[in-house]
Amino acid sequence: MDSVLAQELIVVERATDGVAVITINRPASLNSLTRPMIVSLAGAFRELDADPTVGAVVITGKGRAFCSGVDLTAAQDVFKGDVKDEESDPVIQMERFRKPIIGAINGYAVTAGFEISLACDILVAGKDTKFIDTHARFRVFYGEGNKQEMSDARGHVRAREVSLSCMPITAEMAEKWGLVNHVVENGEVLKKAKEIAHAILKNNRDMVFRYRSVINDGFKMDLRHAGLLEKERAHSYYDGMTKEQFSAMQKFIRNRSSKPPSKL
């Protein structure tokens, strides 16, 4: 599979509203990933990160699955390739991405598809969505670090159950466990994900990027050090502000305070 075909299977749509959509577009194979597709997906995140017109990204899959994992017919190319090449690793590129990533998860999110889901900031799942980790079943040691992330954020017992049993997690279970933010009708997944992206873009873009960074970096630390990190970045932010910027901030707050309270 050449790079041109891989780009057709990883489709990037940029909209004038600041929301870009990445679609894994290989529905006949349940969006299973080949090595060129993986490289193309990583490249898509690098390009969108550098694009100043893009403020948030939605990632989804075409057809009945979000992503059914690595194409096993191409497994050797994937797992025996240069696994240390961070530039071609989608999960690492998603972690480095400065902008919010909303996963619109439809159908099956299996193994590598599950890993990509966990790398999103916010997840919307259809009612029939199933998350499955089959690494142990197929002798695959993916090694993206997401097991540690899931263990830290959702609990060690949940991480062990998912990874060791290879049993499917339904959308309802995933919501209950805190793996996904919203469960909606199957046909409403992409719409809901875009809704969230647009809500995010109504806020100050620079501050959204800063908050995303401090939240994600803080997850890698214990609570005390995460709190210190937040204070350090807050002090750095305010130290860098001019008198004019402080005045503009105060004016904005005063104007907001003078408005009638929201019914929400």
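All figures in this text were calculated on a predicted structure; none of them were measured in a lab.
Residues passing the side chain to side chain donor-acceptor pair (under 3.5 Å) test with Asp128 are Asn186, sequence neighbours excluded. Residues satisfying the side chain to side chain donor-acceptor pair (under 3.5 Å) criterion with Asn203, sequence neighbours excluded, are absent altogether. A search for side chain to side chain contact (heavy atoms under 4.5 Å, CB included) contacts involving Val124 returns Ile102, His182, Val184, Val189, Lys192, Ala193, Ile196, not counting sequence neighbours. Partners of Glu172 according to the salt bridge (Lys or Arg N to Asp or Glu O under 4.0 Å) rule, which considers only residues two or more places apart in sequence or in another chain, do not exist here. With sequence neighbours excluded, no residue forms a side chain to side chain donor-acceptor pair (under 3.5 Å) with Lys191. Annotation: side chain to side chain contact (heavy atoms under 4.5 Å, CB included) contacts of Val57 (sequence neighbours excluded): Ala20, Ile22, Phe45, Leu48, Val54, Phe97. Remark: Arg96 pairs with Glu86 by the side chain to side chain donor-acceptor pair (under 3.5 Å) rule, at least two apart or across chains. Evaluation of the side chain to side chain contact (heavy atoms under 4.5 Å, CB included) rule for Glu232 yields no partner, not counting sequence neighbours. Annotation: side chain to side chain contact (heavy atoms under 4.5 Å, CB included) contacts of Thr53 (sequence neighbours excluded): Asp51.
For the pair Arg212 and Met94, the tightest heavy-atom approach, listed with the atom from each and the gap, is NH2-O, 3.3 Å. Taking each heavy atom of Phe209 and Pro100 in turn, the nearest pair found is CE2-CD, 4.0 Å. Residues Val180 and Ala171 approach most closely at CG2-O, 4.2 Å, considering heavy atoms. In plain terms, the two heavy atoms of Glu87 and Ala42 that are nearest each other are O-CB, 3.5 Å. The two residues Phe66 and Gly113 make their nearest non-hydrogen contact at CE2-O, 3.5 Å. Across Glu8 and Asn25, no two heavy atoms sit closer than the pair O-ND2, 3.3 Å.
Arg35 is listed as a side-chain neighbour of Ser88, based on a closest heavy-atom distance under 4.5 Å.
For the atom pair CD1 (Ile101) and CG (Leu123), the distance works out to 10.5 Å, reported to the nearest 0.5 Å. With values rounded to the nearest 0.5 angstrom, Leu33 atom CG is found 10.5 Å from Ser40 atom OG. Atoms CD1 and SG, from Ile116 and Cys67 in turn, are 5.0 Å apart once rounded to the nearest 0.5 Å. Between Gln93 atom CD and Leu41 atom CG the span is 9.5 Å, to the nearest 0.5 Å. Taking CG of Leu118 as the start and CD of Glu95 as the end, the distance is 10.5 Å to the nearest 0.5 Å.
Taking Ile, Leu, Val, Met, Phe, Trp and Tyr as members and joining any whose side-chain heavy atoms lie under 4.5 Å apart, directly or through other members, Val39 forms no hydrophobic cluster with any other residue. Under a 4.5 Å side-chain heavy-atom cut-off, the cluster of Ile, Leu, Val, Met, Phe, Trp and Tyr residues that includes Leu30 has no other member.
A donor and an acceptor atom, one from each side chain of Arg26 and Ser32, are located under 3.5 Å apart.
Within a 6.0 Å sphere centred on OH of Tyr211, other residues, nucleotides and ligands contribute 12 heavy atoms or fewer. Other residues, nucleotides and ligands contribute at most 12 non-hydrogen atoms within 6.0 Å of the NZ atom of Lys194.
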### Task
Show the numbers, then the answer: is there a side-chain contact (heavy atoms from CB on, under 4.5 Å) between Ile200 and Ile122?
CA-CA 11 Å; Ile200 290 171; Ile122 298 168; 4.0 Å; yes
### Message
Assess the residue pair Val19 and Leu201 against the criterion (side-chain contact (heavy atoms from CB on, under 4.5 Å)); give the C-alpha distance rounded to whole Å, side-chain angles, the decisive distance to 0.1 Å, and a yes or no.
### Response
CA-CA 8 Å; Val19 177; Leu201 291 184; 3.5 Å; yes
#### Entry: side-chain contact (heavy atoms from CB on, under 4.5 Å) between Ile24 and Ile10, intermediate numbers included
CA-CA 5 Å; Ile24 305 173; Ile10 302 294; 4.3 Å; yes
### Query
Are Ile169 and Trp177 close enough, and set up right, to give a side-chain contact (heavy atoms from CB on, under 4.5 Å), and what steps lead you there?
CA-CA 10 Å; Ile169 307 169; Trp177 289 6; 3.8 Å; yes
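Side chain of Thr129 to backbone of Ile105: a donor-acceptor contact under 3.5 angstrom is found. Here the side chain of Asn31 pairs a donor or acceptor atom with the backbone of Ala65 at under 3.5 angstrom.
Among pairs with a residue in residues 54-68, those fulfilling side-chain hydrogen bond (donor to acceptor under 3.5 Å, both in side chains) read Thr60-Asn106, at least two apart in sequence or across chains.
Residues Val21 and Val12 do not share a hydrophobic cluster, defined by chaining ILVMFWY side chains whose heavy atoms lie under 4.5 Å apart.
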